[in-house]
There are 2 protein chains.
Amino acid sequence: MTTQDRLVESTQDLLWERGYTGTSPRAIQQRAGVGQGSMYHHFEGKPGLAAAALRRSAEQLRAVAEADLAAPGTAYERVAGYLLRERDVLRGCRIGRMAQDPEVVADARLRAPVEETFEWLRGRIAEVIAEGRERGELRPGADPGDLAAAVVAVVQGGYVLARAADGTEPFERAVRGALALLAAQRTD
Amino acid sequence: MTTQDRLVESTQDLLWERGYTGTSPRAIQQRAGVGQGSMYHHFEGKPGLAAAALRRSAEQLRAVAEADLAAPGTAYERVAGYLLRERDVLRGCRIGRMAQDPEVVADARLRAPVEETFEWLRGRIAEVIAEGRERGELRPGADPGDLAAAVVAVVQGGYVLARAADGTEPFERAVRGALALLAAQRTD
DNA sequence: GTCTATATTCGGATAGAC
DNA sequence: GTCTATCCGAATATAGAC
């Protein structure tokens, strides 16, 4: 693995664990086993490195989500697959976590991958729901975009509740609740 | 207002804006218009002051939520009142934000008010839903605790989506989606 | 490309005068 | 109770040798 790659991966991990404000260049260099000079040679300081790390995390998240959403099955089953995917609940979402940090939100290069990821995810889930409607699997009713936003919010909010409780139960409850409500939308 | 109160209020604001890791004693003192000595005289450093601020924010949040949930009306209307309350969406939740900070989660005195607030909120909403069931307003089905967790998660996740988008729309969508799903649980 | 020095400011806190 | 002085290490970065 190249020095750049080691720096990017270490940054991904640290941003996940400690957030942007809580992650220092020092800590990144140590985790990557790289000196200060190397980091500043390859990247434009902490923001540049973080931007690269976030772009990479965003790509990876997208690929994982697409695998669930493009799976065979009914719309309900595909959304359920997304909601029930195995997650490291107490670690939370690498991308969603960034939205809480004002330094990230204030920097266009850092916020862009976060914004794009959620925009894509909501759009993709809305598509799945709209398809389910067209196929007659789901009742017509609420805007698919609204339902998709609710689904994504349940996951992101579930992480918040789980960390607050220092346990996974609230996350699992929220997902079960959301699935029960979605299940009631299926045609008989 | 006493010096203590000014310190606590300034800390509440800064924790909301910048999070725990991003809030320095210096910044607190300046916002409160108080010297270093005063702060360390009245509180046990940053953690002690933050604990006091979080307890106060938790009380306030609880009071506001209770007002909506104890309002007259059907269970659906009361939950809708909670979901549709006016919020400063882009600022997010003072309590939920803390759950993302590893320094908060690691310190029992800081995590306690966060945990208790969400536990209370989920329980209170579950009560409202259970009452609706008993009164025949809502169909029997999913566990009220699961539905309550989903409701709270939609709000917390909605904040995440809104900040990611730098706009309130995703929050409003998520709430509309959740309300549409809940509305379908009403008896005819 | 990578390393070691060095610089500056901030974070978090203590000491002791008033 | 409040203020100023002071301390030490960390955060973030630059300079320049190798």
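Here is how names work: the chains are called A, B, and so on, in the same order as the sequence lines, proteins then strands, and each is numbered from 1. We use all heavy atoms of the structure for the numbers below, so side chains are in, but hydrogens, waters and symmetry mates are not.
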TODO: Scan Gly37(B) against the nucleic acid and name what it touches under 4.0 Å (heavy atoms): base, sugar-phosphate only, or nothing.
DONE: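 It contacts base atoms.
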- [ ] Just call it for Thr23(B): base, sugar-phosphate, or nothing, with non-hydrogen atoms closer than 4.0 Å on any strand.
- [x]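 If one applies the 4.0 Å heavy-atom cut-off, Thr23(B) turns out to touch the sugar-phosphate alone, with no base involved.
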Open item on the list: Please give me the minimum heavy-atom distance between Gly132(B) and Ala75(B), naming the atom from each residue.
Closed with: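 In terms of heavy atoms, the two residues are closest at CA-CB, 3.7 Å.
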Mind calculating the distance between [atom1] ([X]) and [atom2] ([N]) to the nearest angstrom?
{"X": "Lys46(B)", "N": "dT14(C)", "atom1": "NZ", "atom2": "P", "value": "15 Å"}
{"X": "Gln29(B)", "N": "dG11(C)", "atom1": "CD", "atom2": "P", "value": "10 Å"}
{"X": "Arg18(A)", "N": "dA11(D)", "atom1": "CZ", "atom2": "C1'", "value": "13 Å"}
{"X": "Met39(A)", "N": "dT2(C)", "atom1": "CE", "atom2": "C1'", "value": "14 Å"}
{"X": "Ile28(A)", "N": "dA10(D)", "atom1": "CD1", "atom2": "P", "value": "16 Å"}
{"X": "Gln36(B)", "N": "dA15(C)", "atom1": "CD", "atom2": "P", "value": "14 Å"}
{"X": "Arg6(B)", "N": "dT2(D)", "atom1": "CZ", "atom2": "C1'", "value": "12 Å"}
{"X": "Phe43(A)", "N": "dT12(D)", "atom1": "CZ", "atom2": "P", "value": "17 Å"}

Open item on the list: Can you confirm whether more than 12 heavy atoms, excluding those of Glu66(A), are under 6.0 Å from its CD atom?
Closed with: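 Buried by this count: over 12 neighbours within 6.0 Å.
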Just compare [options] and give me whichever is closest to any side-chain atom of [X].
{"X": "His42(A)", "options": "dG1(C), dC3(C), dT2(D)", "value": "dG1(C)"}
{"X": "Ser38(A)", "options": "dC3(D), dT12(D), dC3(C)", "value": "dC3(C)"}
{"X": "Tyr40(A)", "options": "dA13(C), dA13(D), dG1(C)", "value": "dA13(D)"}

Open item on the list: Tell me which pairs pass ring-ring contact (aromatic ring centres under 6.0 Å, His included) where either residue lies in residues 148-188 of chain A, with sequence neighbours left out.
Closed with: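 Found Tyr159(A)-Phe171(A).
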Open item on the list: Please confirm whether the shortest side-chain N or O distance from His41(A) to OP1 or OP2 of dC3(C) is below 4.0 Å.
Closed with: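 For His41(A), the contact criterion (side-chain N or O under 4.0 Å from OP1 or OP2 of dC3(C)) is not met.
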Open item on the list: dT2(D), OP1 or OP2 - any side-chain N/O from Thr3(B) closer than 4.0 Å?
Closed with: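 Checking dT2(D) against Thr3(B), a side-chain N or O does come within under 4.0 Å of OP1 or OP2.
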Would you tabulate the side-chain donor-acceptor contacts of residues 46-54 of chain A under 3.5 Å, counting partners in other chains and residues two or more places apart, or write 'none'?
from, atom 1, to, atom 2, distance (Å)
Lys46(A), NZ, Tyr20(A), O, 3.0
Lys46(A), NZ, Thr23(A), O, 2.8

Task: Lys/Arg N to Asp/Glu carboxylate O, Glu9(B) vs Arg56(B), below 4.0 Å - done: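 Between Arg56(B) and Glu9(B) there is a salt bridge, with a charged N closer than 4.0 Å to a carboxylate O.
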